Amino acid sequence: MSALEDLLTCLRFPSVSTDSKHRPDVRACAEWLMNKLSGMGLTAALHETPGHPILVAKNRHLPGRRTVLLYGHYDVQPAEPLNEWKSPAFEPTLRGGRIFCRGSTDNKGQLIAHVSGIAETLAREGDLPVNLTILFEGEEEIGSPNLKPFLEAHRDELACDVVAISDTGMVGEGVGTFTYGLRGIACMEVKVHGPSIDLHSGIFGGAVANPATMAARLVSSLHDDEGRVLIPGFYDGVRDLQDWERSAWSSLGDGDAETLSLTGSPALFGEPGYTERERRWARPTAEVNGIGGGYQGEGSKTVIAREAFFKLSFRLVPDQDPERVLDLAETHLRAKAPPSVRLEIKRGHTGMAYLMDPHSPLGQAAQRALQETFGGNIALIREGGSIPIVQAFKDVLKADTLLLGLALPDCQAHAPNENFPVANLEAGIRLNQALLRELAA
Ligand code: BES
Ligand code: ZN
């Protein structure tokens, strides 16, 4: 089986972790991967969790060699809205050198690149230059709720010198990109309860609070007009950017123009005093991911609905503590809510931000691997997205993580028409081999 055929097979499993109707598909994908890895001569096992299975595979670990933990996720985000896909979301389709399919860039293309790199090396040389532990999970897109306890319970089995992950981006096609930081995350759902039943807005309007109005008011209390977060204490302990990062990032070209064209937004917006890359990669934010309430159907309906809701996520940077941020947000929202409504607040998943020194010996080894693969200068960046388990690797396994991304800026991760270039599958295979060689040395 070629790497490309393997990737197409892996992509056809609709392994959507958040949706219980896809539970069997998530498992089928894990089993396919397990069979793939054991077929390559690795010792592979699926570990059950209360959620989706965790896959661990190893070569024979020999004393005196470096141990590398390779992490990836085989779960994907939901494919909706389906009618915005140009080809079916779970039928991988090649157009213009790219594979279009949910999960192609996040994270199956990057994951299969590593698997294929390892398969080639094993077939050619019978062994790898390092002790390798593969850890693939099916719950990254829902905050990895079962992986941290698994790390704690299997510390010895997962002990390693360094972690490698390809689940981040490249700054441009063919530009080797080393990511040395990720933002953390903290999620929250808020229900705004008003009257005990839906009301006629003519009979009762003016006499009781409208939960939809109050939800909008609470949401707008989160920011000032320029985009600073107004939750008291939110910025406490936020670590400043270093000068070398500011200049390294500004040398990457016109970020404003790129983000305008990638997003299609009419104008940029956000915290004053920072460039758009600084705002995305190194500043904390509060985002509304969903808001609703009241009549959503065609035409008008004069109603005061009895409840409304909004869903928030905060992106965090070192050294913010996600639980503390949720405490501060809850205190702020409760203080802002008038007595005419009642708030029901549900806390969601959290993950710490991550930051390592890209100039460390392991960081430099990773950059040499990128250099061998892509040539040219290596971009040193942080990313705004989160991989919640990365800081847990540091806390539990005491290992730093090397993030070597293969996703392109216009990969449409989490959106319709997600895509991954065939060229990056091939580059990823070479990157895997260069990385293991560099880490062995
Ligand atoms: N691959 C992404 C993380 C990522 C995105 C890294 C963009 C760099 C740039 C990952 O699969 C992801 O989407 N993570 C979620 C985690 C969340 C659901 C806990 C995220 O960032 O929203
Ligand atoms: Zn993702």
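Being a predicted model, the structure only gives us computed values, none of them experimental. Along the sequence shown, residues are numbered consecutively beginning with 1.
Annotation: Glu31, atom CD; neighbour count of heavy atoms from other residues, nucleotides and ligands within 6.0 Å is above 12. The number of heavy atoms from other shown groups lying within 6.0 Å of CG (Asp254) is above 12. Within a 6.0 Å radius of CG in Asp319, other residues, nucleotides and ligands contribute more than 12 heavy atoms.
One distance of note links CD1 of Ile387 with CD1 of Ile165; it measures 5.0 Å at 0.5 Å rounding. To the nearest 0.5 Å, the span separating CG on Leu182 from CG on Leu355 amounts to 9.5 Å. The CZ atom of Arg246 sits 7.0 Å away from atom CG of Asp240, with the distance rounded to the nearest 0.5 Å. Note that NE2 of His349 is 4.0 Å distant from SG of Cys187, once rounded to the nearest 0.5 Å. Between the OG atom in Ser104 and the CG atom in Asn419 there is a gap of 6.0 Å [rounded to 0.5 Å]. Atom CD of Glu287 and atom CG of Leu312 lie 9.5 Å apart (nearest 0.5 Å).
When each of Phe178, Tyr180, Trp244 is paired with His359, the ring pair (Phe, Tyr, Trp, His ring centres under 6.0 Å) condition holds for Trp244 and for no other. Here the rule is side-chain contact (heavy atoms from CB on, under 4.5 Å) with Lys108, and of Ser15, Pro92, Cys101 only Ser15 fits it.
The residues Glu271 and Arg279 are annotated as not salt-bridged, no charged nitrogen and carboxylate oxygen being separated by less than 4.0 angstrom. Between Glu278 and Arg283 there is no salt bridge, since no side-chain nitrogen of the basic residue lies less than 4.0 Å from a carboxylate oxygen of the acidic one. Salt bridge status for Glu48 with Arg27: present, with a side-chain N to carboxylate O gap under 4.0 Å. Using a 4.0 Å cut-off between charged nitrogen and carboxylate oxygen, Glu383 and Arg280 do not count as a salt-bridge pair. Between Glu418 and Arg102 there is a salt bridge, since a side-chain N of the basic residue sits under 4.0 Å from a carboxylate O of the acidic one. Salt bridge absent: Lys191 and Glu189 never bring a charged side-chain N and a carboxylate O closer than 4.0 Å. A salt bridge is defined here as a Lys NZ or Arg NE, NH1 or NH2 lying under 4.0 Å from an Asp or Glu carboxylate O, and Glu330 with Arg347 meets this definition. Comment: Asp410 engages Arg98 in a salt bridge, judged by a side-chain N to carboxylate O separation of less than 4.0 angstrom.
Taking each heavy atom of Met214 and Ala209 in turn, the nearest pair found is CE-CB, 4.0 Å. Nearest heavy-atom pair, Ala44 versus Ala57, reported as atom, atom and distance to 0.1 Å: CB-CB, 3.8 Å. Closest heavy-atom contact between Val163 and Ala399: CG2-CB, 4.1 Å. For the pair Asn289 and Ser313, the tightest heavy-atom approach, listed with the atom from each and the gap, is OD1-OG, 2.7 Å.
For the 3.5 Å distance criterion, the side chains of Asp106 and Gln77 fail to qualify, holding no donor opposite an acceptor. Side chain to side chain, Arg95 and Ser87 meet the donor-acceptor criterion of an N or O pair below 3.5 Å.
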- I would like to know whether Phe136 and His73 meet ring pair (Phe, Tyr, Trp, His ring centres under 6.0 Å); could you show each step before the answer? CA-CA 5 Å; Phe136 289 163; His73 65 95; 9.8 Å; no
- Under the side-chain contact (heavy atoms from CB on, under 4.5 Å) criterion, do Tyr74 and Val26 qualify, and how do the steps go? CA-CA 8 Å; Tyr74 62 86; Val26 180; 3.6 Å; yes
- Task: Might you work through the side-chain contact (heavy atoms from CB on, under 4.5 Å) test for Ile389 and Leu151, ending with a clear yes or no?
- Result: CA-CA 9 Å; Ile389 204 62; Leu151 290 190; 4.0 Å; yes
- Task: Tell me, with the steps shown, if Leu252 and Arg277 meet side-chain contact (heavy atoms from CB on, under 4.5 Å).
- Result: CA-CA 10 Å; Leu252 294 173; Arg277 283 196 190 97; 3.7 Å; yes
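Side-chain atoms of Ile99 and Thr93, non-hydrogen and from C-beta on, never get closer than 4.5 Å to each other. Within the 4.5 Å cutoff, the side chain of Arg183 has no heavy atoms near those of the Pro284 side chain. Here the side chains of Thr133 and Val56 are in contact, with some heavy-atom distance below 4.5 Å. Glu173 places none of its side-chain heavy atoms less than 4.5 Å from the side chain of Pro409. Looking at Ile54 and Leu46, their side chains never come closer than 4.5 Å, going by heavy atoms from C-beta outward. With a 4.5 Å cut-off on side-chain heavy atoms, Asp19 and Pro78 do not count as touching. Between Glu141 and Thr18 the shortest side-chain heavy-atom distance does not fall below 4.5 Å. Two residues are said to be in side-chain contact when any heavy atoms from C-beta on lie closer than 4.5 Å; His52 and Asp75 fail this criterion.
For the side chain to side chain donor-acceptor pair (under 3.5 Å) test, residues two or more places apart in sequence or in another chain that qualify with Asn432 are His114. Taking the side chain to side chain donor-acceptor pair (under 3.5 Å) definition, one finds that Asn35 meets it with nothing, sequence neighbours left out. In this structure Asp25 satisfies the side chain to side chain donor-acceptor pair (under 3.5 Å) test together with His22, sequence neighbours excluded. Scanning for side chain to side chain donor-acceptor pair (under 3.5 Å) contacts around Tyr235 gives an empty result, with sequence neighbours left out.
Between the Asp400 side chain and the Val162 main chain, no donor and acceptor come within less than 3.5 Å of each other. Distance alone, capped at 3.5 Å, is enough to place a donor-acceptor pair between the Glu245 side chain and the Gln242 backbone.
Ring geometry for Phe314 against Phe234 counts as tilted: the plane angle lies between 30° and 60°, on a 0 to 90° scale. By the 30° and 60° cut-offs, the orientation of the rings of Trp32 relative to Phe13 is tilted.
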Would you be so kind as to tabulate the donor-acceptor pairs closer than 3.5 Å made by side chains of residues 195-207, with sequence neighbours excluded?
| residue | atom | partner | partner atom | Å |
| --- | --- | --- | --- | --- |
| Asp198 | OD1 | Arg306 | N | 2.9 |
| His200 | ND1 | Gly202 | N | 2.8 |
| His200 | ND1 | Ile203 | N | 3.1 |

Pair up each side-chain donor or acceptor in residues 336-346 with any protein partner under 3.5 Å, not counting sequence neighbours, and list the distances.
| residue | atom | partner | partner atom | Å |
| --- | --- | --- | --- | --- |
| Glu344 | OE1 | His193 | NE2 | 2.6 |

